[in-house]
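Chain A is the first sequence line, chain B the second, and so forth, proteins listed ahead of strands; every chain is numbered from 1.
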Amino acid sequence: MGKELTSKEENYSQWYNDLVSKADLAENSAVRGCMVIKPYGYAIWEKMQAALDQMFKDTGHENAYFPLFIPKSFFTKEASHVEGFAKECAVVTHYRLKNDPNGKGIIVDPEAKLEEELIIRPTSETIIWSTYKNWVQSYRDLPILVNQWANVVRWEMRTRMFLRTAEFLWQEGHTAHETREEALEETEKMINVYADFVENYMALPVIKGAKSEHERFAGALETYSIEALMQDGKALQSGTSHFLGQNFAKAFEVQFTSREGKLEYVWATSWGVSTRLIGALIMAHSDNNGLVLPPKLAPVQVVIVPIYKSAEQLTLISERVKVLVDQLKRRGIRVKYDDRDSQRPGWKFAEYEMKGVPVRLAIGPRDLENGTVEIARRDTLEKKVEQIEGIESLIEDLLVEIQRNIYNKALKFREENTTKVDTYEEFKERLATKPGFILAHWDGTMETEAIIKEETKATIRCIPFDGVEEEGKCILTGKASNRRVIFALSY
RNA sequence: CGGGGUGUAGCGCAGUCCGGUAGCGCACCUGGUUUGGGACCAGGGGGUCCCAGGUUCGAAUCCUGGUACCCCGACCA
C-alpha cells in the first residue's frame with residue numbers, strides 16, 4: 001500500500017508530482033532544480049530519442065557534439081540572444097579547489113580564476129556558429145544539417161519535474177543554408193517532423209503554428225511551434241523550430257562564396273525538443289490510477305503476471321509463458337514476465353497500472369486448465385479472458401488499437417476544450433471557468449498581446465498554419481483582424 | 001527577488017506550546033501461513049533529532065545566528 005495517487009480533480013499539480021514519483025520516473029536530486037531521471041523514466045526518453053533520431057536521419061541530418069562550455073564573449077555577439085538568456089545562466093569562474101587554510105573543508109582557489117568566464121550552455125547557437133565559421137567557405141559546403149543530443153542548463157527560478165528543470169536533456173538541430181527559402185523550408189520541415197512524432201508516437205494531437213513576435217526565440221526572425229493541450233486545460237509548447245535568418249551568420253561572420261561568386265552570409269535554422277516531452281506524455285493521457293503510456297513509447301508493452309499457489313504450479317505456468325514470450329518477442333513486442341515471488345499478484349497489478357504498461361496478462365492454474373489467459377488493457381481498464389492459443393496476434397492488434405484509442409481520446413478532449421470567442425468578456429469568462437484553447441481575433445500588435453497577458457495571464461500560443469482567413473475584430477481593441485489566433489494559459 | 005512553510009530511521013510523519021535518555025505507519029531482515037486486485041502473524045535491525053553557538057543539572061523541545069529544501073507569487077523560447 002502507500003501508493004495512492006492524489007486525484008487530478010482534487011489537485012492537478014499534486015497528481016502530476018505524485019505520478020512522477022510513484023511511477024518511478026524521476027526524483028528530486030541534491031541539486032536545487034535538478035532531477036534524477038530514474039531508469040523507467042529514462043527508458044521512455046530512450047524510446048523517444050530512438051524514434052526522433054531516426055526521423056532526423058531520414059531527413060538528411062547527422063549527429064555531432066559541441067562543448068558544454070561557451071566563452072562569455074560569444075553571448076555578446078547577438079544582442080537579442082543574450083537578452084533572452086542572460087538572466088538564467090550558470091557561470092564557471094574558477095577551475096580549481098583547495099583545502100581551506102583557515103580550517104576544515106574545501107574552498108575555491110582564488111588564484112585559479114579564469115581569464116574569461118565560461119557559460120554553461122543554455123542553448124548552443126553561439127558555440128556552433130563560431131564553429132560553422134570555419135566549416136563554410138563556398139556554397140559547395142552547404143547545407144550543414146547537424147543535430148546534437150545534449151544537456152543544457154537554464155537557471156530557472158521555479159522548477160517542475162520534466163516541465164521545467166534547471167538542467168534538462170534535449171536535442172538541438174542547427175542548420176546552415178545557401179538561401180532564405182531553403183532555410184525557411186527546413187524550419188517548416190522540422191516542425192512537421194516534430195508534429196509527426198508527437199502525434200504518431202506520443203499519441204498527442206498538436207497544433208502547428210507561428211509564434212507571435214513577443215513569444216519568439218531570442219535571436220530568431222520566425223519561430224514555429226507545436227502546441228498540445230493538457231488535461232487541466234493549459235497549453236504545453238512541445239517543440240520549436242526557428243528561422244534565424246542571417247542573424248547568427250552576421251554575428252559570427254559565417255560567409256560563403258555563392259554560385260555567382262559573391263560573398264554572402266548563410267541562412268540558419270535551429271530546432272529542438274526536450275525531456276519536457278515526457279511531462280507532456282504524462283499529463284496528456286494519465287488517470288487517477290497512474291500513467292498511461294502509448295504502446296509505441298512504452299518500455300514494456302506487455303507484462304505477464306503468474307498466479308499460483310505452489311512451486312509446481314509456477315513451474316507449469318512458466319513453461320507455458322515461456323512459449324508465449326518467445327512468440328511475442330518474435331513479433332517485436334516488448335514483453336516482461338514478472339515471476340517475482342516477493343510480491344503478490346494484486347500488488348503487481350497496481351504497480352503496472354501505475355507505470356502505464358499498456359497490456360497486462362494474468363495466467364493462473366484455472367487458465368492452464370482451460371487454455372485461457374486474462375488480458376487487461378491499461379487505457380480502458382477492461383479485462384477479458386481469451387484463448388491463449390493465437391493470443392499473440394490479438395495482442396499485436398490490441399497495441400495498435402490502444403495507440404489509436406488514446407490519440408482519439410486526447411483529440412476529443414482538445415476539441416471539447418477549444419472554443420471560438422468574440423468578446424473580451426467571453427474570453428475572460430472562459431479562462432476563469434473552463435480553460436483550454438481559445439480561438440480569438442487579435443490586432444497583431446505586441447501591446448495588445450501584453451495587455452491581455454497582464455490582465456488574464458493567457459498568451460498567444462501560436463498563429464495556426466491551418467487557420468482560415470476570416471474578417472473579425474480584435475477582442476481587446478476592436479481593430480480589424482483577418483485570422484484567429486490561439487490563446488491559452490500555458491506551462 | 002517578495003510571502004508562507006518544513007528540516008526527527010530509506011520514505012511519510014507525531015513529539016516541540018509545557019525541557020527529563022526518541023516514537024508511529026510504510027519499507028527492510030528472519031521464520032511461518034498465504035498468493036485470481038495493493039496479504040497476515042510473530043520476532044528483529046536501523047537515529048550526529050539540518051548546522052553552529054548560547055541558557056540549563058539536563059535541550060529534538062527554549063534563545064541567537066546560519067543553512068537547505070518545498071509551496072505561492074514575480075520571472076521564464
Side-chain angles (χ1 to χ4, degrees), chain A residues 1-5 11 13-14 17-18 21-22 24 27-34 80-81 83-89 103-105 122-123 125 152 154-161 163-166 168 170 172 210-220 222-227 236-244 270-274 276 289-290 305-311 313-314 317 339-354 360-370 372-376 381 383 385 453-454 457 459-462 490-491:
Chain A
M1 291 198 243
K3 276 232 171 183
E4 294 296 309
L5 269 187
N11 184 340
S13 180
Q14 189 62 45
N17 288 336
D18 281 3
S21 131
K22 287 173 179 167
D24 230 11
E27 63 187 33
N28 274 319
S29 72
V31 184
R32 191 206 71 95
C34 296
S80 57
H81 189 68
E83 173 134 352
F85 288 105
K87 282 179 286 183
E88 51 187 38
C89 285
K104 51 195 172 177
T123 180
E125 273 80 4
V152 288
R154 297 181 189 178
W155 215 259
E156 302 283 357
M157 296 298 230
R158 271 190 76 189
T159 58
R160 294 196 66 194
M161 297 263 204
L163 298 173
R164 178 172 290 111
T165 47
F168 57 92
W170 78 344
E172 44 181 330
K211 283 290 186 186
S212 68
E213 188 183 349
H214 185 257
E215 298 278 324
R216 207 171 275 161
F217 176 71
E222 195 74 79
T223 289
Y224 298 155
S225 79
I226 49 174
E227 301 287 330
L236 185 73
Q237 176 178 302
S238 308
T240 48
S241 182
H242 314 291
F243 171 59
L244 303 174
S270 69
W271 28 272
V273 295
S274 70
R276 174 180 248 206
N289 292 315
V305 177
I307 294 158
Y308 57 92
K309 292 194 199 312
S310 65
Q313 282 178 346
L314 177 60
I317 291 166
D339 62 349
R340 283 178 299 171
D341 192 34
S342 53
Q343 307 295 353
R344 296 164 80 256
W347 190 93
K348 293 178 186 173
F349 293 170
E351 179 73 4
Y352 291 111
E353 263 161 34
M354 186 66 78
R360 183 188 72 228
L361 304 179
I363 303 185
R366 218 156 61 201
D367 295 299
L368 278 192
E369 242 173 72
N370 304 334
T372 57
V373 59
E374 180 190 86
I375 179 162
L381 297 169
K383 286 194 290 196
V385 174
K453 181 179 180 182
E454 171 75 24
K457 291 188 175 158
T459 50
I460 297 174
R461 299 323 303 155
C462 71
S490 73
Y491 278 93

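In this structure, G46(B) forms no base pair with any nucleotide, since neither Watson-Crick nor G-U wobble geometry is met with both distances under 3.5 Å. Nucleotide A52(B) has U64(B) as its partner under the Watson-Crick or G-U criteria, with both atom distances under 3.5 Å. The nucleotide G25(B) finds its pairing partner in C11(B), both defining distances of the Watson-Crick or G-U wobble pair being shorter than 3.5 Å. Of the nucleotides present, U33(B) is the one that pairs with A39(B) by Watson-Crick or G-U wobble criteria, both distances under 3.5 Å. Base-pair partner of G73(B): C1(B) (Watson-Crick or G-U wobble, both distances under 3.5 Å).
Here T459(A) pairs with E215(A), K453(A), R461(A), S490(A) under the side-chain contact (heavy atoms from CB on, under 4.5 Å) rule; sequence neighbours left out. The salt bridge (charged side-chain N to carboxylate O under 4.0 Å, His left out) check on E27(A) picks up K38(A), with sequence neighbours excluded. When the side-chain contact (heavy atoms from CB on, under 4.5 Å) test is applied to K457(A), the partners found at least two apart in sequence or on another chain are L489(A). Take R164(A) and apply the salt bridge (charged side-chain N to carboxylate O under 4.0 Å, His left out) test, not counting sequence neighbours, and it matches E156(A). Residues that satisfy the side-chain contact (heavy atoms from CB on, under 4.5 Å) test with A210(A), not counting sequence neighbours, are E222(A), Y224(A), F465(A).
We find that CD of E27(A) is positioned 11 Å from P of G12(B), with the value rounded to whole Å. As rounded to whole Å, 9 Å separates atom C1' of C75(B) from atom CD of E88(A). We find that CZ of R164(A) is positioned 13 Å from P of G73(B), with the value rounded to whole Å. Between K22(A) atom NZ and G38(B) atom P there is a gap of 18 Å when expressed in whole angstrom units. With rounding to whole Å, Q14(A) atom CD is found 12 Å from G12(B) atom P. For N28(A) and A68(B), the CG to C1' distance is 13 Å, given to the nearest whole Å. The distance between atom CG of D18(A) and atom P of C26(B), rounded to the nearest whole Å, is 19 Å. The distance from atom CH2 of W155(A) to atom P of A74(B) is 22 Å, rounded to the nearest whole Å.
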Go through S225(A) and Q237(A) one step at a time and tell me if the side-chain hydrogen bond (donor to acceptor under 3.5 Å, both in side chains) criterion holds.
CA-CA 7 Å; S225(A) 79; Q237(A) 176 178 302; 4.9 Å; no

Between R360(A) and K383(A), does a side-chain contact (heavy atoms from CB on, under 4.5 Å) hold up when you go through it step by step?
CA-CA 9 Å; R360(A) 183 188 72 228; K383(A) 286 194 290 196; 3.7 Å; yes

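Using C1' as the reference atom, C49(B) and A14(B) are 13 Å apart when rounded to the nearest Å. Nucleotides G25(B) and C41(B) place their P atoms 11 Å apart, quoted to the nearest Å. Comparing A59(B) with G15(B), their C1' atoms are spaced 14 Å from each other, to the whole Å. The gap from the C1' atom of G65(B) to that of A9(B) amounts to 28 Å, rounded to the nearest Å. Going from the P atom of C17(B) to that of U6(B) covers 15 Å, rounded to whole Å. Of the C1' atoms belonging to G44(B) and U61(B), the separation is 30 Å, rounded to the nearest Å. Spacing between G58(B) and G54(B) at atom P, rounded to whole Å, works out to 12 Å. Spacing of C1' atoms, C70(B) relative to U64(B), comes out at 25 Å, to the nearest Å.
Distance alone, capped at 3.5 Å, is enough to place a donor-acceptor pair between the K348(A) side chain and the R340(A) backbone.
Comparing N17(A) and F217(A) against RNA chain B, the residue whose closest nucleotide sits nearer the 5' end is N17(A). Comparing Q237(A) and V31(A) by the nucleotide of RNA chain B whose heavy atom lies nearest to each, the residue mapping closer to the 5' end is V31(A).
Proximity of K457(A) to the phosphate of A74(B): a side-chain N or O atom is located under 4.0 Å from OP1 or OP2.
Annotation: W170(A), atom CH2; neighbour count of heavy atoms from other residues, nucleotides and ligands within 6.0 Å is above 12.
Here W170(A) lies in heavy-atom contact (under 4.0 Å) with a base. Using a 4.0 Å heavy-atom criterion, one finds that R32(A) contacts the sugar-phosphate atoms exclusively.
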Any chance you could list the contact pattern along nucleotides 29-37 of chain B? Use B for base contacts, S for sugar-phosphate-only contacts and - for none, protein heavy atoms under 4.0 Å, 5' to 3'.
-----BBBB

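Here A74(B) is the nucleotide among A74(B), C71(B), G38(B) with the atom lying nearest to any side-chain atom of M157(A).
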